[in-house]
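Shown next, in structure tokens, is the structure this report addresses.
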Amino acid sequence: QVQLVESGGGLVQAGGSLRLSCVASGRTFSTYVMGWVRQAPGMEREFVASITGTGAYRYYADSVKGRFTISRDYAKNTVYLQMNSLKSEDTAVYYCAVDRYVSAIQSLRAVDYWGQGTQVTVSS
């Protein structure tokens, strides 16, 4: 059974940093795209970042470019999201997403696997 478990969320002041982790179990995802999606209160889910199976390509939403960095550890079957210079508008539940295709995570269509989410709250 595939499981994605996120951790690392919490409360942080504006300008601070957090590092999210998503550990995948149940199968190896070395050829899959891994990414992050977030949902703020009253808003739809939005794409944040993704990294391809080889790690050669990384994609970011314009709103987080230059502040967030996505990476992955193949040995640990884990994807990370380093979030720096956090703003109040980054407050959301952050979900790990895994799919065979970059387009699926970016468009949020029929993503293969989802985590349960971790709350990030940025106080101003």
Side-chain angles (χ1 to χ4, degrees):
Q1 181 180 355
V2 172
Q3 263 195 316
L4 303 177
V5 180
E6 300 100 331
S7 62
L11 175 63
V12 64
Q13 287 189 333
S17 299
L18 283 174
R19 188 195 194 204
L20 305 183
S21 301
C22 171
V23 180
S25 61
R27 65 165 297 158
T28 300
F29 288 103
S30 58
T31 61
Y32 279 62
V33 179
M34 301 185 82
W36 294 91
V37 171
R38 68 187 181 186
Q39 186 168 21
M43 306 290 285
E44 294 185 351
R45 287 191 182 186
E46 63 172 355
F47 166 77
V48 175
S50 63
I51 183 168
T52 56
T54 63
Y57 298 96
R58 307 178 192 205
Y59 302 91
Y60 297 95
D62 288 343
S63 58
V64 307
K65 279 181 183 175
R67 300 188 298 122
F68 291 10
T69 302
I70 190 169
S71 61
R72 63 192 295 170
D73 184 325
Y74 294 93
K76 296 181 179 179
N77 225 15
T78 298
V79 63
Y80 303 98
L81 186 68
Q82 177 66 44
M83 305 186 294
N84 299 328
S85 302
L86 283 162
K87 305 176 181 179
S88 56
E89 51 262 45
D90 294 318
T91 294
V93 177
Y94 284 71
Y95 297 91
C96 179
V98 177
D99 197 274
R100 290 158 291 171
Y101 305 107
V102 169
S103 58
I105 295 178
Q106 289 188 327
S107 66
L108 306 181
R109 291 180 184 174
V111 172
D112 287 339
Y113 304 103
W114 288 102
Q116 84 289 350
T118 185
Q119 176 70 48
V120 171
T121 303
V122 184
S123 63
S124 56

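One-based numbering along the sequence shown.
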Which pairs would a plain distance check flag for residues 3-16, meaning a side-chain donor or acceptor within less than 3.5 Å of a matching protein atom at least two apart in sequence or in another chain?
residue, atom, partner, partner atom, Å
Glu6, OE1, Gln116, N, 3.0
Glu6, OE1, Gln116, NE2, 3.3
Glu6, OE1, Gly117, N, 2.9
Glu6, OE2, Cys96, N, 2.7
Glu6, OE2, Gly117, N, 3.2

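- Within the structure, every pair that satisfies the ring-ring contact (aromatic ring centres under 6.0 Å, His included) test and touches residues 9-39, not counting sequence neighbours, is listed here: Phe29-Tyr32, Phe29-Tyr113.
- Atom CE of Met34 sits about 12.0 Å away from atom CG of Leu81, to the nearest 0.5 Å.
- Separating the CG atom in Leu86 from the OG atom in Ser123 is a distance of 10.0 Å, to the nearest 0.5 Å.
- Residues that satisfy the side chain to side chain donor-acceptor pair (under 3.5 Å) test with Gln119, not counting sequence neighbours, are Thr121.
- Of the inter-residue distances, the one linking Ser71 atom OG with Gln82 atom CD reads 8.0 Å to the nearest 0.5 angstrom.
- With sequence neighbours excluded, the residues satisfying side chain to side chain contact (heavy atoms under 4.5 Å, CB included) with Thr54 are Thr52, Ala56.
- The salt bridge (Lys or Arg N to Asp or Glu O under 4.0 Å) analysis of residues 9-31, with sequence neighbours excluded, yields no pairs.
- Sorted by first and then second residue, the salt bridge (Lys or Arg N to Asp or Glu O under 4.0 Å) pairs involving residues 104-113 (not counting sequence neighbours) are Arg100-Asp112.
- With side-chain heavy atoms closer than 4.5 Å counting as contact, directly or through intermediates, the hydrophobic cluster containing Tyr95 also holds Val33, Val37, Phe47, Tyr57, Tyr59, Val93, Val102, Ile105, Leu108, Val111, Trp114.
- Residues passing the salt bridge (charged side-chain N to carboxylate O under 4.0 Å, His left out) test with Arg72, sequence neighbours excluded: none.
- Qualifying side chain to side chain donor-acceptor pair (under 3.5 Å) partners for Ser25, counting only residues two or more places apart in sequence or in other chains: none.
- Between Thr69 and Arg58, some side-chain heavy-atom pair lies under the 4.5 Å cut-off.
- Partners of Asp90 by salt bridge (charged side-chain N to carboxylate O under 4.0 Å, His left out), not counting sequence neighbours, listed by chain and number: Arg38, Arg67.
- Listed by chain and number, the residues in a side chain to side chain donor-acceptor pair (under 3.5 Å) with Ser88 amount to none (sequence neighbours excluded).
- At least one donor-acceptor pair under 3.5 Å links the side chain of Tyr60 to the backbone N or O of Ile70.
- To the nearest 0.5 Å, atom CZ of residue Phe68 and atom OG of residue Ser63 are 7.5 Å apart.
- Across Gln39 and Met43, no two heavy atoms sit closer than the pair NE2-O, 3.0 Å.
- When the side chains of ILVMFWY residues are joined at heavy-atom separations under 4.5 Å, either directly or via intervening members, Tyr80 and Leu20 end up in two distinct hydrophobic clusters.
- For residues 28-83, no pair satisfies disulfide bond (SG atoms under 2.5 Å apart), with sequence neighbours left out.
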